[in-house]
**Q** 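Could you have a look at this structure, given as structure tokens, before my questions?
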Amino acid sequence: MPFTIHDLNPPQQEAVFTTEGPVLILAGAGSGKTRTLTCRVAHLLEQGVAPWNILAITFTNKAAEEMKSRVTDTAPEGDKVWVATFHSTCLRILRTAADRLGYAKDFTIYDTDDSRVLMRRIIKELDYNPKEYRERDVLRRISAWKNKMRSPDDADKLSSGRYGEERVVRLYREYQRRLLMANAMDFDDLLLNAVQLFEDNPDVLEHWRSRFRYVLVDEYQDTNPAQFRFVELLAKEHRNLCVVGDDDQSIYRFRGAEIRNILNFESVFPEAKVIRLEQNYRSTKTILKAANGVIANNAGRKEKTLWSAMEDGDPVVFREYGEAREEARGILQDIQKERDRFDYGDCAVLYRTNAQSRVLEETFVAAGLPYRLIGGVNFYERREIKDCLSYLRLIANPRDDVSLRRIVNVPKRGIGDTTMDRVAEFAAREDFSLLESMTMAADIPGLTKGAAAKLTAFTNLLMSLQMEALSLSVEALIERTLRDTGYLDYLLEEGEIESEARRENLQELVNKAADFGGEIGLDALSQFLSETSLVADVDALEDDVNKVVLMTLHSAKGLEFPKVYMAGMEQQIFPGERVLYSGDDSDLEEERRLCYVGITRAMKKLVLTAAARRMVNGSFQTHTVSQFVEEIPKDVLKHERRGLMMSSAGRPGREDGWRFGASGDDDWSSPRGRSGWGSGAGTSGGWSSGTGSSGGRSFGSGRSSGDSRNSDSRPASGKQPAPGWTDFGDSFGFGVSARPGRSAAPAPEILTEFAPGDRVVSRRFGAGTVEKTEKTSKETTVIVLFDKFGRKVLLPEYAALTREE
DNA sequence: GAACCCATCATTTTT
DNA sequence: TGATGGGTTC
């Protein structure tokens, strides 16, 4: 036996042996999914299925590589199985028959950046207001349409009649037209066009259908309608379709994934066998209990109960900090403290947004803690790499206008915007590509002789490179290009350090081309370009380095770590602000699934952290504790350092929510941090535990003890007191501590300081609840959700808010 | 045509 | 806070 079936539990075995007909495997987190899939493929091969009859589709290159190597290790001929991402599968199919769709075989793939550039041009040329039609938003709409397989015509027909929709459809149409003209496809097009190819060409479909007699799809919960259609087309007849997924781990709805694909699988394939993998081999019982407690709050799930035979293990820890910097320091110290139990490489710090990594990084750098940051700028997104690839792309596909525009004046050749606008006009009128037009520089109206000469020099340069490309390996071509275009010299003009780094990156690109295997000519070039455009991160996670990993919750999917920190567990951070205010429950549910994914990454120990204040988009915000923390069963949660933040459950109407410091003080630049809540020492003691009631929020009855501790640590910052409010206000920290209630007259006080959850009354809008305060260097705003008037952003100086009676 | 300055604006991400 | 893009100035 090439694999040991005895290592599999009964449902896993069933998943392996049910080779014929549709199968839906609901694989909970850590349930041995990859192993099961690998065995399944190995079993198919053992049954005599030819390797080329098997197609296994994944979402990421990483997953594809992992599966490929495991299949190769497990089964003879495993290396001949087609294991690839959706996109590269489609690409390979399209390359064989792109001409049927009006494309040349050497079409270019536009990444998101290229798409943005193209869209910006279109918006400009159609003379739409770029403020109103931002390319990002437009492209998002277009992508959503494409994910649902809606052509511009469909979009037009189904148009909601919403303001501006017509124009977005127009942009969509123009965008597609230009892509076709440039012989380019964007990422969505790869799928869409593959589906189209199948639907319009029965012979092509038949060919691939009979080739892929067994189809597997991993991470099925992340498929969008186009992907589903693609798979359906391939499998409709033989019905040997096995999909694996977990609806609870669907976190990509925002980019078109449809959980419905997994929830409705059985209605599309009624005879489908459903297999549940519910035993978790990864996490302690305690961690699973926390995860299950959170996810239980979502409605409409495929019911399944993840269980673990592991020990109970440590409780889940939750720690609050006053400020994000302290949170980072706290995590750092905790890592160091438990170093004997969890080495650096055992730890991961997960957060909701990339921006949160900054504070962590700074803290870790200062302390010399080894860490690795995942995410951020992709190798292929770096400027010099994109520049170089643009030259290559233009060589392979002279119609690629976006690439041409990018490098036509890099390095400087005196071909500026004005000149190119003339060229573009001419090109549009005569229906030529930009490069074609440039070869006819003399015929382009409005160009000076000098400008025309520069264009000709450029086209000559390109033509000579094209000639050379025929007889050079990709590696050699890159070197020649960088030299002949003057790009290397151009880099030298920049700063030394910058230039050095960029040259190293380019060298890296050359190395990659060398790995690609010295083949000569345009086909090799075109293949190299395809591959590079479908590969995301070169710095794939190496296991052998002993460093703490920093990454977003999203990128943690599919990974596991002995010890996991989830930082920024704050309302409005996670769940994020937009989600909280979108009014759509399913948004919150997706966020909750993300939380579930995060929790289930942890094997032995899970630590959640939050900060009362943090800098968000350049201004300080105050936050309450994430509701997800409240959703974790209390008996598995150890709440350390409590008392800094208001519980998100302690919403208005409840008397138990207040802890001081729900908002910050107004002088963040002062070197505080050791005083007050900063060290934790002053605050961890003295507070009643958990949901108790001391510390009281009863207004007018005096400040809580926490107030004085906070406010006296720091002088006033000179902010203007609110009208009629000269005595107080300023000497208090702002926030809960600043409710200057006690000694004031019984007349309604005009508030200057607010904390999330405060109930307030405005003369104009009536009663409402404070959502948050936001502070920039210039002003403080308070965001209030009024009961009758909805959300308003107010300036406290003018709003004259009073406390609700 | 290119160097600056100011205003604006911010999830999540793979391909 | 920071990146980015457009507009202004030389």
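A note on names: the letters A, B, ... follow the listed sequences, proteins ahead of strands, and every chain is numbered from 1. This is a predicted model, so every value here is computed, not measured.
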**Q** From the options C:dG6, B:dG1, B:dT12, select the nucleotide whose nearest atom is closest to the side chain of A:His554.
**A**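 Nearest to the side-chain atoms of A:His554, counting from C-beta on, is B:dT12.
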**Q** Pick the nucleotide of DNA chain B nearest each of A:Glu590 and A:Phe187; which residue has the one closer to the 5' end?
**A**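 Per heavy-atom nearest nucleotide, the more 5' residue is A:Glu590.
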**Q** Think A:Asn354 has a side-chain N or O under 4.0 angstrom from the OP1 or OP2 of B:dT11?
**A**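 No, A:Asn354 has no side-chain N/O under 4.0 Å of OP1/OP2 on B:dT11.
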**Q** Base, sugar-phosphate, or nothing: which does A:Arg593 touch, judged by heavy atoms less than 4.0 Å apart?
**A**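 No contact at all - A:Arg593 keeps every heavy atom at 4.0 Å or more from the nucleic acid.
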**Q** B:dT15 C1' sits how many Å from A:Lys146 NZ, rounded?
**A**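 So the NZ-C1' distance, A:Lys146 to B:dT15, works out to 13 Å.
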**Q** Identify whether any heavy atom of A:Thr419 sits under 4.0 Å from a base atom; if not, whether one sits that close to sugar-phosphate; answer base, sugar-phosphate or nothing.
**A**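 Counting heavy atoms under 4.0 Å across all strands, the contact made by A:Thr419 is with sugar-phosphate only.
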**Q** Counting only side-chain nitrogens and oxygens, does A:Arg358 get under 4.0 Å of the OP1 or OP2 atom of C:dT1?
**A**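 Answer is no, no contact under 4.0 Å.
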**Q** Reckon A:Arg352 touches a base, only the sugar-phosphate, or nothing at all at heavy-atom distances under 4.0 Å?
**A**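 Here A:Arg352 touches the bases of the nucleic acid.
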**Q** Going by atom types alone, do A:Asp248 and A:Asn298 pair a side-chain donor with an acceptor below 3.5 Å?
**A**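 No, because no side-chain N or O of A:Asp248 sits under 3.5 Å from a partner of the opposite role on A:Asn298.
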**Q** Counting the atoms with a prime plus P, OP1 and OP2 as sugar-phosphate, which does A:Gly416 contact under 4.0 Å by heavy atoms, base, sugar-phosphate, or nothing?
**A**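 It contacts sugar-phosphate atoms only.
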**Q** Is the aromatic ring of A:Phe59 within stacking range of B:dT14, meaning centres under 5.5 angstrom and planes under 30 degrees?
**A**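 According to the criterion (under 5.5 Å, under 30°), no, A:Phe59 does not stack.
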**Q** Nearest to the side chain of A:Thr418 - B:dG1, B:dT15, B:dA2?
**A**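 Selected nucleotide: B:dG1.
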**Q** Quick check on the 6.0 Å ring-centre criterion: do A:Phe254 and A:Tyr252 meet it?
**A**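 Between A:Tyr252 and A:Phe254, which both carry aromatic rings, the centre distance is below 6.0 Å.
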**Q** Taking only the side-chain nitrogens and oxygens of A:Arg134, find out if one of them lies under 4.0 Å from OP1 or OP2 of B:dA10.
**A**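 Checking A:Arg134 against B:dA10: at least one side-chain N or O falls below 4.0 Å of OP1 or OP2.
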**Q** Among A:Arg578, A:Arg592, A:Arg253, whose side-chain hydrogen bond (donor to acceptor under 3.5 Å, both in side chains) with A:Asp587 holds?
**A**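 Per the side-chain hydrogen bond (donor to acceptor under 3.5 Å, both in side chains) rule, the option paired with A:Asp587 is A:Arg253, out of A:Arg578, A:Arg592, A:Arg253.
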**Q** For the pair made of CG in A:Asn129 and C1' in C:dG6, what is the distance, rounded to whole Å?
**A**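 Whole-Å distance recorded here is 13 Å.
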**Q** Base, sugar-phosphate, or nothing for A:Val579, non-hydrogen atoms under 4.0 angstrom?
**A**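 Base, at least one base heavy atom under 4.0 Å.
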**Q** Check this for me, if you would: do A:Arg502 and A:Glu508 make a salt bridge, where the nitrogen-to-carboxylate-oxygen distance has to be below 4.0 angstrom?
**A**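 No.
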**Q** Pick the nucleotide of DNA chain B nearest each of A:Thr353 and A:Phe86; which residue has the one closer to the 5' end?
**A**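 The residue whose closest nucleotide sits nearer the 5' end is A:Thr353.
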**Q** Tell me what A:Tyr252 touches on the nucleic acid: a base, only sugar-phosphate, or nothing, going by heavy atoms under 4.0 Å.
**A**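 Sugar-phosphate contact only - A:Tyr252 comes under 4.0 Å of backbone atoms but never of a base.
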**Q** Would you mind reading off the distance between A:Gln621 atom CD and B:dA10 atom C1', rounded to a whole angstrom?
**A**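 Atom CD in A:Gln621 sits about 12 Å away from atom C1' in B:dA10.
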**Q** Side chain of A:Thr60: nearest nucleotide among C:dG5, B:dT15, C:dT1?
**A**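 Out of C:dG5, B:dT15, C:dT1, the nucleotide with an atom closest to A:Thr60's side chain is B:dT15.
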**Q** Separation of A:Tyr351 atom OH from B:dT13 atom C1', in whole Å?
**A**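 Checked: the OH to C1' distance equals 14 Å.
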**Q** Within this structure, what is the CG-to-P distance between A:Asn409 and B:dA2, rounded to whole angstrom?
**A**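 About 6 Å, once rounded to whole Å.
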**Q** Classify the nucleic acid contact of A:Gly414 as base, sugar-phosphate or nothing, counting any heavy atom under 4.0 Å across all strands shown.
**A**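 It contacts sugar-phosphate atoms only.
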**Q** Looking at every strand, decide which applies to A:Thr112 at a 4.0 Å heavy-atom threshold: base, sugar-phosphate, or nothing.
**A**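 Base, at least one base atom sits under 4.0 Å.
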**Q** Please examine the side chains of A:Val231 and A:Leu234, heavy atoms only from C-beta on, and report whether any two atoms are closer than 4.5 Å.
**A**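 Heavy-atom side-chain distance check fails, nothing below 4.5 Å.
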**Q** Without decimals, in angstroms, what is the distance between A:Ile415 CD1 and B:dA2 P?
**A**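 Nearest whole value for this atom pair: 10 Å.
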**Q** Can a side chain N or O of A:Thr552 be found less than 4.0 Å away from OP1 or OP2 on B:dT13?
**A**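 Yes, A:Thr552 has a side-chain N/O under 4.0 Å of OP1/OP2 on B:dT13.
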**Q** Starting at CD of A:Glu381 and ending at P of C:dA3, how long is that distance when rounded to a whole Å?
**A**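 So the CD-P distance, A:Glu381 to C:dA3, works out to 15 Å.
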**Q** Quick check on the 6.0 Å ring-centre criterion: do A:Tyr490 and A:Tyr487 meet it?
**A**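 Ring centres of A:Tyr487 and A:Tyr490 closer than 6.0 Å.
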**Q** When the distance from CZ of A:Arg136 to P of C:dG5 is rounded to whole Å, what number comes out?
**A**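 My rounded result for the distance is 12 Å.
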